[in-house]
Amino acid sequence: MQYVEYGAHNSQTVILLHGGGLSWWNYREVTQLLADKYHVVLPILDGHADSDAPFTSIEDNAARLIAYIDGHHGGSVYAVGGLSLGGQIAVEMLTQRPDICRFALIESVLVKPMKLTYALIKPTFCMSYGLIKQKWFAKLQAAYLGIPQKLFDDYYRDTCKITKEDMIAFLKANCGYSVKPALGNTKAKVHIVFGSKEQASICTSGKLLNRMIPDSTLEVLPGYRHGDLSLNHPEQYAQMLLNLIG
């Protein structure tokens, strides 16, 4: 796994995990607001542009990040945040290692499998993958995903680098992920957030996470769509994280 780092290495470490099909730039502006106080690490998830390994599973990505934290940060970090696929990996990290971090910010995370969508991903992308490198199609996708214009060049460049096999693999993982009972053992203080305009499955998942994680908090952002918080409101995201870690 590759990592982009900001801030002083002797500061408390915050790890932020980007959404599926995005990359470290998902949190570029958030990081600029945090780097004067924290050491911010932005991993490039497996199977994404400039990563060093194909995507296998959410569980494998979580295990690799835990191994990185063991090797470079003494077995735990101050905070972990994640959007969508990155949020699922963050949830899995909390499941695999209850004390992996002190705080976690989980944004727009699905933890109940969507069986029909899962079944349709491979045939759909086998037919449409060739369109991904067409800029007009990428602009439609970016608009649908709520990616701001200032991030479009990053999005288009990196999407073109993702193989069909990796894209199918992480999209299927995203739709098929199930939360595990061991999540309830986490020691982290967790804040769960999603937008009021997200799919019902995300809302249901957020409420499930809130019930499963002891003393967690839940926030619904009026009018926000999937990923709006970190992608389009970096100042609000940074302040939410700062409020969480106190």
Side-chain angles (χ1 to χ4, degrees), residues 1-5 12-20 22-24 26-27 30-31 34 38-48 51-53 55-113 169-170 173-194 202 205-206 208-218 227 230 237 240-241 244-245:
M1 194 171 286
Q2 300 294 323
Y3 302 89
V4 177
E5 302 184 52
Q12 293 167 315
T13 297
V14 175
I15 293 180
L16 300 176
L17 305 171
H18 65 79
L22 309 180
S23 193
W24 65 271
N26 184 157
Y27 293 105
V30 171
T31 297
L34 298 174
Y38 297 101
H39 173 218
V40 185
V41 178
L42 307 176
I44 300 174
L45 301 178
D46 291 349
H48 288 72
S51 63
D52 60 359
F55 188 92
T56 52
S57 70
I58 287 169
E59 289 80 3
D60 286 349
N61 272 254
R64 291 188 71 182
L65 284 162
I66 290 170
Y68 162 78
I69 292 169
D70 285 344
H72 294 82
H73 300 284
S76 67
V77 292
Y78 197 54
V80 173
L83 163 65
S84 195
L85 178 68
Q88 291 171 317
I89 294 170
V91 166
E92 184 63 27
M93 291 170 69
L94 298 176
T95 303
Q96 292 185 19
R97 182 76 67 80
D99 59 351
I100 196 65
C101 62
R102 291 179 58 187
F103 305 95
L105 179 54
I106 306 300
E107 179 187 1
S108 301
V109 168
L110 179 70
V111 295
K112 296 190 71 175
F170 67 67
N174 176 254
C175 289
Y177 182 68
S178 294
V179 68
K180 304 170 182 66
L183 176 63
N185 297 325
T186 184
K187 303 296 192 295
K189 180 180 179 182
V190 180
H191 186 59
I192 303 148
V193 60
F194 59 83
I202 297 291
S205 293
L208 174 60
L209 287 170
N210 185 219
R211 291 196 301 270
M212 290 187 65
I213 301 173
D215 301 319
S216 61
T217 52
L218 177 67
S230 56
Y237 185 98
M240 187 179 293
L241 183 60
L244 175 64
I245 62 185

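This structure is a prediction, so every number in the text was calculated from the model and none was measured. Just the heavy atoms: all of them, side chains too, but no hydrogens, waters or symmetry mates, feed the values below.
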Measuring from atom CG of D52 to atom CD1 of I44, what distance do you get when rounded to the nearest 0.5 angstrom?
9.0 Å

I'd like to check the side-chain hydrogen bond (donor to acceptor under 3.5 Å, both in side chains) partners of Y68; sequence neighbours left out, ordered by chain and number.
H73

Looking only at side chains, do S230 and E107 share a donor and an acceptor under 3.5 Å apart?
yes

Approximate separation, where rounding is to 0.5 Å, of L110 CG and L208 CG
10.5 Å

When rounded to the nearest 0.5 Å, the distance separating NE2 of H191 from OG1 of T217 is 4.5 Å

Can you tell me how far CG of L17 sits from OH of Y27, rounded to the nearest 0.5 angstrom?
6.5 Å

Hey, does the side chain of S205 reach the backbone of V111 with a donor-acceptor pair shorter than 3.5 angstrom?
yes

Sidechain-backbone polar pair: N61 side chain, I89 backbone, donor-acceptor under 3.5 Å:
no

Looking at every non-hydrogen atom in both residues, tell me the closest pair between D46 and F55 and how far apart they are.
O-CD1, 3.3 Å

Scan side-chain atoms only and decide if H39 and E5 contain a donor-acceptor pair under the 3.5 Å cut-off.
yes

Atom CG in L45, atom CG in L85: separation rounded to 0.5 Å?
6.0 Å

Do the side chains of F194 and L218 get nearer than 4.5 Å, heavy atoms only?
yes

For the residue pair V14 and V77, establish whether any side-chain heavy-atom pair is separated by less than 4.5 Å.
no

Minimum heavy-atom distance between I245 and A79, given as atom pair plus value
CG2-CB, 4.2 Å

Value rounded to 0.5 Å, distance of CG in D60 from CG in L65:
11.0 Å

Going by distance alone, is a donor N or O of one side chain under 3.5 Å from an acceptor N or O of the other, for S216 and N210?
yes

Working note: I15 + I69, criterion side chain to side chain contact (heavy atoms under 4.5 Å, CB included); need CA distance, chi angles, decisive distance, verdict.
CA-CA 10 Å; I15 293 180; I69 292 169; 3.8 Å; yes

State which residues pass ring-ring contact (aromatic ring centres under 6.0 Å, His included) with H18; sequence neighbours excluded, sorted by chain then number.
H48

Taking the side chain as every heavy atom from C-beta outward, state whether V179 and L209 have any pair of such atoms under 4.5 Å apart.
yes

Which atom of S178 lies closest to which atom of P113, heavy atoms considered
OG-CG, 3.0 Å

Just wondering, more than 12 heavy atoms not from D215 lying within 6.0 Å of its CG?
no

Does the N185 side chain pair with the main chain of T95, one donor and one acceptor, at a distance under 3.5 Å?
no

Closest heavy-atom pair and its distance - C101, A188
O-CB, 3.5 Å

Are I192 and V109 side-chain neighbours, meaning at least one heavy-atom pair lies under 4.5 Å?
no

Which pair of heavy atoms, one from Q96 and one from A62, lies closest together, and at what distance?
NE2-CB, 3.8 Å

Check whether any side-chain heavy atom of Y38 lies under 4.5 Å from a side-chain heavy atom of V41, and answer yes or no.
no

Is the closest side-chain heavy-atom distance between L22 and L83 below 4.5 Å?
yes

Determine, stepwise, if the pair W24 / L16 fulfils side chain to side chain contact (heavy atoms under 4.5 Å, CB included).
CA-CA 8 Å; W24 65 271; L16 300 176; over 6 Å; no

Enumerate the residue pairs fulfilling salt bridge (charged side-chain N to carboxylate O under 4.0 Å, His left out) with a member in residues 178-188, sequence neighbours excluded, ordered by first and then second residue.
E59-K180, E92-K180

Just say parallel, tilted or perpendicular for the rings of F103 and Y78, cut-offs at 30° and 60°.
perpendicular

Would you check if D99 and R97 make a side-chain contact, meaning some heavy-atom pair closer than 4.5 Å?
yes

